[in-house]
Peer 1: 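One structure follows; several queries about it will come next.
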Amino acid sequence: MRASQRQPGTPDRRDGRDSTERTGESVPSAADDPAPSEPSGPPALPEFAERVLDVADRIPPGRVMTYGDIAEWLEEGGPRQVGRVMALYGGAVPWWRVVRADGVLLAGQERAAVEHYRAEGTPLREAGRAAEGHVPRIDMRRARWDGEM
């Protein structure tokens, strides 16, 4: 495409300037458009997500609930739905207190979780020497919370 055929505002590969710089044509810019209205805050969480996070926030230090426990407590969804909520929004609550039913720590978050568990006195079962990475598990019999205050 020759420079005379180029649309105004498109770059000229020969000199790096756009065609309006050479021709002096006026092309409306994004700055000329009125600004789109800004949202008035973060988007609202789905109601189910708010309920899951509320339960996670109520779990006392040193105790845990499984994904399935939370779904059962809410009488809605299942472990996978609770897990999805925790994956998307769980950073705002003590996420380490919501665990798998077998007590295995969240993959990729083991170190951070163990630090929290040890600080809170959560009962752990130390890993044997043969366990991959020597990562402990949660002692579910002693750490599981039933939701009762």
Side-chain angles (χ1 to χ4, degrees), residues 6-13 15-21 25-149:
R6 204 181 294 65
Q7 294 292 320
T10 58
D12 183 345
R13 290 193 175 145
D15 63 10
R17 298 181 307 169
D18 71 39
S19 60
T20 59
E21 293 177 50
E25 294 177 40
S26 172
V27 177
S29 71
D32 296 332
D33 293 335
S37 61
E38 296 286 327
S40 61
L45 289 175
E47 190 266 336
F48 178 70
E50 285 189 27
R51 293 177 62 214
V52 167
L53 297 177
D54 183 54
V55 173
D57 206 32
R58 292 177 184 211
I59 301 170
R63 305 298 298 273
V64 298
M65 286 182 90
T66 69
Y67 300 105
D69 291 342
I70 290 178
E72 186 177 322
W73 177 259
L74 294 174
E75 297 179 345
E76 183 178 356
R80 289 179 188 252
Q81 289 79 13
V82 171
R84 181 74 176 151
V85 167
M86 293 302 295
L88 293 173
Y89 312 110
V93 297
W95 54 267
W96 58 92
R97 296 180 191 155
V98 182
V99 300
R100 291 175 33 162
D102 62 4
V104 172
L105 307 187
L106 182 63
Q109 301 298 320
E110 297 94 344
R111 280 191 173 182
V114 167
E115 287 178 24
H116 289 292
Y117 297 140
R118 290 195 170 130
E120 294 181 355
T122 306
L124 297 174
R125 295 177 59 205
E126 291 302 323
R129 293 177 199 246
E132 187 176 325
H134 305 288
V135 177
R137 288 184 179 207
I138 298 166
D139 184 338
M140 294 302 291
R141 285 190 309 219
R142 294 178 32 221
R144 201 171 202 164
W145 185 58
D146 63 6
E148 298 298 322
M149 291 289 204

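Along the sequence shown, the residues carry numbers beginning at 1.
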Peer 1: Closer than 3.5 angstrom, by distance alone: can the side chain of Gln81 be matched with the main-chain N or O of Gly78 as a donor-acceptor pair?
Peer 2: yes
Peer 1: Decide yes or no for Leu124 and Arg118: does some side-chain heavy atom of the first lie under 4.5 Å from some side-chain heavy atom of the second?
Peer 2: yes
Peer 1: Is there side-chain contact between His116 and Thr122, with at least one heavy-atom pair below 4.5 Å?
Peer 2: no
Peer 1: Looking at Gly62 and Pro123, what are the two nearest heavy atoms and their distance?
Peer 2: O-CD, 3.5 Å
Peer 1: For Glu115, is there an ion pair with Arg111 - N to carboxylate O distance below 4.0 angstrom?
Peer 2: no
Peer 1: So do Phe48 and Leu74 actually touch side chain to side chain, heavy atoms under 4.5 Å?
Peer 2: yes
Peer 1: When rounded to the nearest 0.5 angstrom, what is the spacing between CZ in Arg100 and CZ in Arg137?
Peer 2: 7.5 Å
Peer 1: Using 0.5 Å steps for rounding, measure from the OG1 atom of Thr66 to the CD atom of Glu72.
Peer 2: 8.0 Å
Peer 1: Using modelled atom types and a 3.5 Å cut-off, is there a donor and acceptor pairing between side-chain atoms of Arg63 and backbone atoms of Arg144?
Peer 2: yes
Peer 1: Trp73 and Glu148: which non-hydrogen atoms are nearest, and at how many Å?
Peer 2: CZ3-OE2, 3.9 Å
Peer 1: Between Ile138 and Leu105, is any pair of side-chain heavy atoms under 4.5 Å apart?
Peer 2: yes
Peer 1: Would a 4.5 Å heavy-atom cut-off, applied to side chains only, mark Val98 and Val64 as touching?
Peer 2: no
Peer 1: Can you see whether Gln109 engages Trp95 through a side-chain donor-acceptor pair at a distance of less than 3.5 angstrom?
Peer 2: no
Peer 1: Using only atom types and a distance under 3.5 Å, with no angle test, would you say the side chain of Arg97 pairs donor to acceptor with the backbone of Ile59?
Peer 2: yes
Peer 1: Quick check for you: to the nearest 0.5 Å, what is the distance between Glu110 atom CD and Tyr117 atom OH?
Peer 2: 10.0 Å
Peer 1: Closest heavy-atom contact between Ala71 and Pro79?
Peer 2: CB-N, 4.2 Å
Peer 1: Rounded to the nearest 0.5 Å, what separates atom CZ in Arg125 from atom CZ in Arg141?
Peer 2: 7.0 Å
Peer 1: Not counting sequence neighbours, which residues clear side-chain contact (heavy atoms from CB on, under 4.5 Å) with Val93? List them please.
Peer 2: Leu53, Ala56, Asp57, Met86
